[in-house]
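A quick write-up on the structure given underneath.
From a predicted model like this one, the values you see are computed outputs, not experimental measurements. Atoms within a ligand are numbered from 1 in the order they appear, just like the ligands themselves.
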Amino acid sequence: MRIAVIGGGISGLVAAYRLRQRLGEGADIVVVEQGPRLGGVLHTGELAGEPLDLGAEAFVGRRPEVIELMGELGLDDQLVRPAGKRPLVWAQGVAHPLPGRTLMGIPSDAESLRGLVDEETLERVAAETQRPLAWPPGDDVSVHSLVADRFGAQVVERSVDPLLGGVYAGISASIGVRAALPALADALDGGAPSLTDAVRQAMPAPSTAPVFGGLRDGYGTLIAALTEASAARVVTTLAATRIAAAPRGWVVDPLGLVDAVVLATPAPVTARLLHYVAPEAAAAAGEIELSSSALVALALPRDTVLPDNSGILVASGEPLRAKAFTLSSRKWPHLAERDVALVRASFGRFGDDSLLSWSDDDLVAAAVADLSTVTGIPITPVASAVQRWPGGLPQYAPGHTTRIATLESAIAPLDGLAVAGAYLHGVGVPACVATGTAAADRIAKSLTSRVE
Ligand SMILES: Cc1cc2nc3c(=O)[nH]c(=O)nc-3n(C[C@H](O)[C@H](O)[C@H](O)COP(=O)(O)OP(=O)(O)OC[C@H]3O[C@@H](n4cnc5c(N)ncnc54)[C@H](O)[C@@H]3O)c2cc1C
């Protein structure tokens, strides 16, 4: 049996590893990756002589997928947790505490926003429960239009956008309620009389369990362990250009005939590859847009007096270039032990790819200047690293869940073909791991039934 996994990001590598588990050592599993290295947007680089993640740096630790995977791969000792400090939000030229009791920045009460928004907005938020809400069950709109209509633009710009910018490199206008906030959509479908009520219903129950986890030496350790455990043949710097149906399998150009194929590529690539074999699925995938970002990691003298917060998010409309800073040495106890203080500055919001053409020097200079502005202290890096992520994150626009349902039902009848990736059921690493596992299960079932 020969199975091709196209795309060597976390989704593809998990699919390859699970296929090995399901099909045994006799299966010929080939991972085809167009870039020079595996991991996709998970990449551990080096700063001041030590490893540092230059893409994703964390995962939602309340979901089981990554922690279970780490356990299976013998990486339990790599699991680290953040220190539990809260971020700040930079708005109107001042650093404020990030509001508590919100759902992705959407408030459940007015008080949490005091100091961040003006009095008029506070009154509007407090009175929102009195205004009738029309939400046809099953509806979907952008987060921006829902929150701006109910609570006003300041809540969007200063509380919601900074958080959505972190997760999707998106803005609330490019992200739909149903895909990004499914529990909120459920509450609205269920007849919540106001947005405030819907948020209260949708907020997760308070828990003392840490929300996030990470890997002590970076995601690179997970990528390396997965690759090894998959025992797959890895072909890098090779792009799959076309797939076509064959009598008992698929032809993948330029690889050749395979029994089954997993497409673990970004949505636009998946759209191109599916064009001739599943036009409806291809059309759905082709509607998904991507957002680009860039990351500047700074190593500062260890005694730099950074705020005692996990990070500083920037409200939209502020005259800064960076959209967020992770104060990594404050956020992660294991990074606080290093000889330097570490900060990651993120750039890029949906619709503005201009930063991709900035030189490394310009990006570092913008990171240093903006960090100095938001902390109020001089910033003198001893080392820096720059990483660009062109098209790194899919946008979950309004209608996303319908689009994905269309895509999945269009490929359901195609025996031996599966898809996985960040554009399907969540951009976070745990969701990607889940799609890789589901794709492997689908292929293994199909191949096993053929043998029987
Ligand atoms: C800057 C940044 C920070 C993030 N931070 C977090 C975080 O802290 N926590 C979290 O949970 N998530 C985070 N994410 C999201 C998460 O990292 C990604 O959603 C996830 O890693 C995507 O994995 P993937 O395998 O689906 O896609 P990718 O990593 O994009 O992998 C797809 C692979 O397919 C390859 N490919 C493309 N075309 C072809 C072709 N024709 N043939 C062969 N190969 C091809 C690509 O080169 C790539 O390697 C972040 C994302 C970014 C960009």
What atoms of ligand 1 come within less than 4.0 Å of a heavy atom belonging to [X]?
{"X": "G55", "result": "3 (C)"}
{"X": "A264", "result": "32 (C), 34 (O)"}
{"X": "L42", "result": "17 (O), 21 (O)"}
{"X": "V427", "result": "15 (C), 16 (C), 18 (C), 19 (O)"}
{"X": "G421", "result": "26 (O)"}
{"X": "I6", "result": "42 (N), 43 (C)"}

Among protein heavy atoms, which sits nearest to [atom], and what does the distance come to when rounded to 0.1 Å?
{"atom": "atom 52 (C) of ligand 1", "answer": "L393 CD1, 3.9 Å"}
{"atom": "atom 1 (C) of ligand 1", "answer": "W389 CD1, 3.5 Å"}
{"atom": "atom 11 (O) of ligand 1", "answer": "V429 N, 2.8 Å"}
{"atom": "atom 5 (N) of ligand 1", "answer": "A56 CA, 3.1 Å"}
{"atom": "atom 36 (N) of ligand 1", "answer": "Q34 CG, 3.8 Å"}
{"atom": "atom 42 (N) of ligand 1", "answer": "A240 N, 3.0 Å"}
{"atom": "atom 31 (O) of ligand 1", "answer": "G9 CA, 3.4 Å"}

Pick from [options]: the one approaching [atom] most closely through a non-hydrogen atom:
{"atom": "atom 43 (C) of ligand 1", "options": "V32, T265, L290", "result": "V32"}
{"atom": "atom 49 (O) of ligand 1", "options": "H43, E33, R388, R242", "result": "E33"}
{"atom": "atom 9 (N) of ligand 1", "options": "G428, G39, A58", "result": "A58"}
{"atom": "atom 37 (C) of ligand 1", "options": "P36, G7, P266", "result": "P266"}
{"atom": "atom 22 (C) of ligand 1", "options": "G392, C432, A294", "result": "C432"}

*Looking at ligand 1, does L238 have a heavy atom less than 4.0 Å from it?*
yes

*At the 4.0 Å heavy-atom cut-off, does V41 count as touching ligand 1?*
yes

*Any nitrogen or oxygen of A422, main chain or side chain, under 3.5 Å from a nitrogen or oxygen of ligand 1?*
yes

_Polar contact flag for S11 and ligand 1 (N/O pairs, less than 3.5 Å)_ = yes

_4.0 Å protein heavy-atom contact status of atom 25 (O) of ligand 1, strictly under_ = yes

*Heavy-atom count around E72 CD within 6.0 Å, excluding the residue itself: above 12?*
yes

*Within a radius of less than 6.0 Å around CD of Q21, do more than 12 heavy atoms belonging to other residues, nucleotides or ligands occur?*
yes

Is [X] reaching over with its side chain to a backbone N or O of [Y], donor-acceptor style, under 3.5 angstrom?
{"X": "S108", "Y": "R101", "answer": "yes"}
{"X": "R20", "Y": "A27", "answer": "yes"}
{"X": "Q78", "Y": "R216", "answer": "yes"}
{"X": "W250", "Y": "G416", "answer": "yes"}
{"X": "Y423", "Y": "P266", "answer": "no"}

_Using side-chain heavy atoms (C-beta onward) and a distance below 4.5 Å, is L184 in contact with L146?_
yes

Distance-only side-chain donor-acceptor flag, [X] / [Y], under 3.5 Å:
{"X": "S172", "Y": "D161", "result": "yes"}
{"X": "T437", "Y": "R18", "result": "yes"}
{"X": "S359", "Y": "D361", "result": "no"}

*Contact partition for I10 relative to ligand 1, non-hydrogen atoms under 4.0 Å*: both

_For R233, is there an ion pair with D28 - N to carboxylate O distance below 4.0 angstrom?_
yes

*asked:* Between K323 and D370, does any NZ, NE, NH1 or NH2 come within less than 4.0 Å of an OD or OE carboxylate oxygen?
replied: no

*Kindly assign one of parallel, tilted or perpendicular to the pair W332 and H334, based on the angle between their ring planes and the thresholds 30° and 60°.*
perpendicular

